[in-house]
Amino acid sequence: MNLPDHLSSAPENLQKAILAFAEAVKQIDGKIRTAETSEAGSMNSFGEDQLKLDVLSDRICFTELEKSGVIAIAGSEEQSEEKVLTEGGEFSASFDPLDGSSLVDVNLAVGTIFGIWQGKGFMGKTGRDLVAAGYAIYGPRTTFIIAIDSNPTEFTLQSDGNWKMTIEKMEINEGKMFAPGNLRACAENKEYLALLDFWSENGYQLRYSGGMVPDIHQILVKGKGIFSYPGSESCPPKLRLIYECAPLAYVVEKAGGASSNLKGSLLDEKVEDLNQRTVICVGSKNEVDRCVKFLTV
Ligand code: P6P
C-alpha cells in the first residue's frame with residue numbers, strides 16, 4: 001500500500017496537509033543528498049547559525065503547506081514568527097524542517113518533524129489539540145512516519161517517487177535501550193547521573209546519535225527504549241515543545257509508549273510561547289516512569 005491509499009480514510013483536508021509534508025520531504029531529501037552544507041550567514045530565532053539547508057528546507061515546507069490550501073497558520077523552528085498561509089484554513093502546522101542539520105556534514109541521519117493542529121494558531125493549546133503528527137528521516141533510506149489518532153505507520157521513499165508502506169503498525173513495548181541526551185547536565189544534575197548509572201549498571205544498550213529523530217525512530221522500530229533530554233541550571237533543556245517534542249510525543253504515545261516533561265505527559269504541556277523549550281523523556285512506559293522517579297526526587 002502507498003501513502004495516499006493509506007490516508008484515503010482520513011478527512012480530505014487532513015490528507016492534503018499530510019501529503020503537503022510528504023511532498024516537502026521528497027524535495028528536502030533531494031537537496032540534502034546534493035546541496036552544500038555550508039552556513040547561510042543567518043541565525044534562527046534561537047540565535048543558532050542556520051545552514052543553507054536549514055533555510056532551503058524551511059522554504060520548501062512553507063511552499064508546500066501554502067499550496068495545500070488547508071493550513072491557516074504555519075510555525076517553523078527556523079522562523080521567529082508564525083506565518084498566515086490560508087485564510088480560513090482548517091489546521092495549523094508546526095514543524096522543524098531539518099532537525100539535526102549540523103549532522104549532515106558528517107553524513108549522519110537527520111529528520112523533519114511536523115505536527116498538524118486543529119484550528120488557528122498554537123498559543124494556549126496542548127498536544128491534545130494535535131490531529132496528526134509525524135516525521136521523516138533522511139538516512140540510508142528516506143522514510144516518512146505518520147500517526148493519525150492511531151498507531152504510527154512507516155513509508156519508505158521508492159526510486160519512482162512513491163511512498164511504500166514498510167511498517168504498518170509501529171508499537172512500543174518494554175526493553176533495555178537508552179538514548180541519553182544532554183549528558184553534560186550531569187555535572188550539576190546528580191539525579192540524571194544516578195539514572196545514567198542505573199542504565200549502565202543494568203545492561204542497557206546505548207543507542208545515541210545526536211539526532212533526536214533517528215534516536216526516537218529507533219525506539220519505535222525496535223519497540224523498546226528511552227530517549228531523554230533533561231537539563232540543569234547551566235545546561236538547560238533546549239528542545240522545543242511545538243516544533244519537536246509535542247509532535248514526537250504524540251507519535252510515541254499513539255504507538256503505546258509514554259512521554260513526560262517530568263510533570264506529566266508532554267501532550268498536556270500548554271503552549272505559552274512559540275519558542276517554549278521543555279524537558280523530554282519518551283519511550284517505553286516503564287522507562288519513562290523510571291525517568292520521572294529518578295529525576296524528580
Ligand atoms: P546536543 C539536534 O541539534 C537536536 O536538536 C536534536 O535532534 C538532538 O537530540 C539534540 O539537539 C542534541 O543536542 O546538546 O547533544 O547537541
Side-chain angles (χ1 to χ4, degrees), residues 25 28 32 37 39-40 42-55 57-58 61 75-79 94-115 133-139 143 145 177-189 192-193 195-196 199 206-221 225-252 257 259-261 266 274-283 287-288 291 295:
V25 165
I28 294 168
I32 283 177
T37 59
E39 294 194 358
S42 54
M43 282 204 240
N44 65 17
S45 52
F46 300 94
E48 296 164 335
D49 291 331
Q50 290 177 310
L51 302 180
K52 287 176 182 164
L53 274 173
D54 287 320
V55 176
S57 305
D58 192 52
C61 287
S76 164
E77 183 180 299
E78 298 300 332
Q79 301 288 336
S94 62
F95 58 94
D96 181 353
L98 196 58
D99 182 77
S101 56
S102 58
L103 298 171
V104 172
D105 61 357
V106 295
N107 208 15
L108 286 175
V110 292
T112 296
I113 307 166
F114 63 89
Y135 58 86
I137 299 187
Y138 311 98
T143 54
I145 288 81
M177 187 167 78
F178 69 121
N182 205 19
L183 286 185
R184 45 189 173 281
C186 287
E188 295 168 326
N189 186 336
Y192 194 26
L193 187 59
L195 179 55
L196 190 65
W199 286 325
L206 174 62
R207 287 291 182 270
Y208 187 77
S209 74
M212 180 185 204
V213 180
D215 290 341
I216 292 176
H217 182 63
Q218 181 157 207
I219 293 169
L220 281 152
V221 172
I226 182 75
F227 172 89
S228 58
Y229 204 104
S232 66
E233 192 172 337
S234 56
C235 300
K238 76 168 189 177
L239 299 175
R240 292 77 171 186
L241 179 62
I242 65 170
Y243 307 118
E244 297 166 313
C245 298
L248 290 173
Y250 179 95
V251 175
V252 168
S259 77
S260 179
N261 58 7
L266 271 159
L274 294 183
N275 297 326
Q276 192 165 324
R277 299 167 192 243
T278 184
V279 170
I280 176 171
C281 299
V282 286
E287 297 306 330
V288 170
C291 278
L295 298 178

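Both counts, for ligands and for their atoms, begin at 1 and track the order of listing. As a basis for the values below, the full set of heavy atoms in this structure was taken, side chains included, without hydrogen atoms, waters or symmetry mates.
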Is it the case that Ser232 and Tyr192 place a side-chain donor and acceptor less than 3.5 Å from each other? no
Within the 4.0 Å heavy-atom shell around Met212, which atoms of ligand 1 are there? 6 (C), 7 (O), 8 (C), 9 (O)
Just which atoms of ligand 1 are under 4.0 Å from any heavy atom in Glu244? 5 (O)
So, for Asp54 and Ser101, which heavy atoms are closest and what is the spacing to 0.1 Å? OD1-OG, 2.8 Å
Among protein heavy atoms, which sits nearest to atom 8 (C) of ligand 1, and what does the distance come to when rounded to 0.1 Å? Gly210 O, 3.2 Å
Any donor-acceptor pair under 3.5 Å linking the side chain of Ser259 with the backbone of Leu266? yes
Taking Thr112 for its side chain and Pro97 for its backbone only, find out whether a donor-acceptor pair lies under 3.5 Å. yes
Ligand 1 to Asp99 polar contact by distance, N or O atoms, under 3.5 Å: yes
State which residue, out of Val288, Val282, Ile280, fulfils the side chain to side chain contact (heavy atoms under 4.5 Å, CB included) condition with Ser260. Val288
How does Leu239 reach ligand 1, if at all, at less than 4.0 Å between non-hydrogen atoms: by side chain, backbone, both, or neither? side chain
Donor-acceptor pair, distance only, cut-off 3.5 Å: does the side chain of Glu287 make one with the backbone of Ile226? no
Quick check: does Val213 get an N/O under 3.5 Å from an N/O on ligand 1? no
Just which atoms of ligand 1 are under 4.0 Å from any heavy atom in Gly211? 7 (O)
Enumerate the atoms of ligand 1 whose separation from the nearest heavy atom of Phe227 is less than 4.0 angstrom. 9 (O)
Main chain of Gly210, side chain of Asp215: is a donor-acceptor contact present, judged purely on distance under 3.5 Å? yes
Do you know which of Asn189, Leu206, Leu183 makes side chain to side chain contact (heavy atoms under 4.5 Å, CB included) with Leu196? Leu183
Side chain, backbone, both or neither: the part of Tyr243 lying under 4.0 Å from ligand 1 by heavy atom: neither
List ligand 1 atoms under 4.0 Å from Arg184, heavy atoms only on the residue side. 1 (P), 14 (O)
Among Tyr208, Phe227, Tyr229, Trp199, the one residue meeting ring pair (Phe, Tyr, Trp, His ring centres under 6.0 Å) with Phe178: Trp199
Tightest non-hydrogen contact, residues Gly181 and Pro230, listed as O-CD, 4.0 Å
Please determine if Lys238 has a nitrogen or oxygen closer than 3.5 Å to a nitrogen or oxygen of ligand 1. yes
Hey, does Ser102 sit under 4.0 Å from ligand 1 if you only count heavy atoms? no
Under 4.0 Å to a heavy atom of Gly100 - the qualifying atoms of ligand 1, by number: 2 (C)
Min heavy-atom dist Gly181 to ligand 1 below 4.0 Å: no
With a cut-off of 4.0 Å, which atoms of ligand 1 are near a heavy atom of Tyr208? 12 (C), 15 (O)
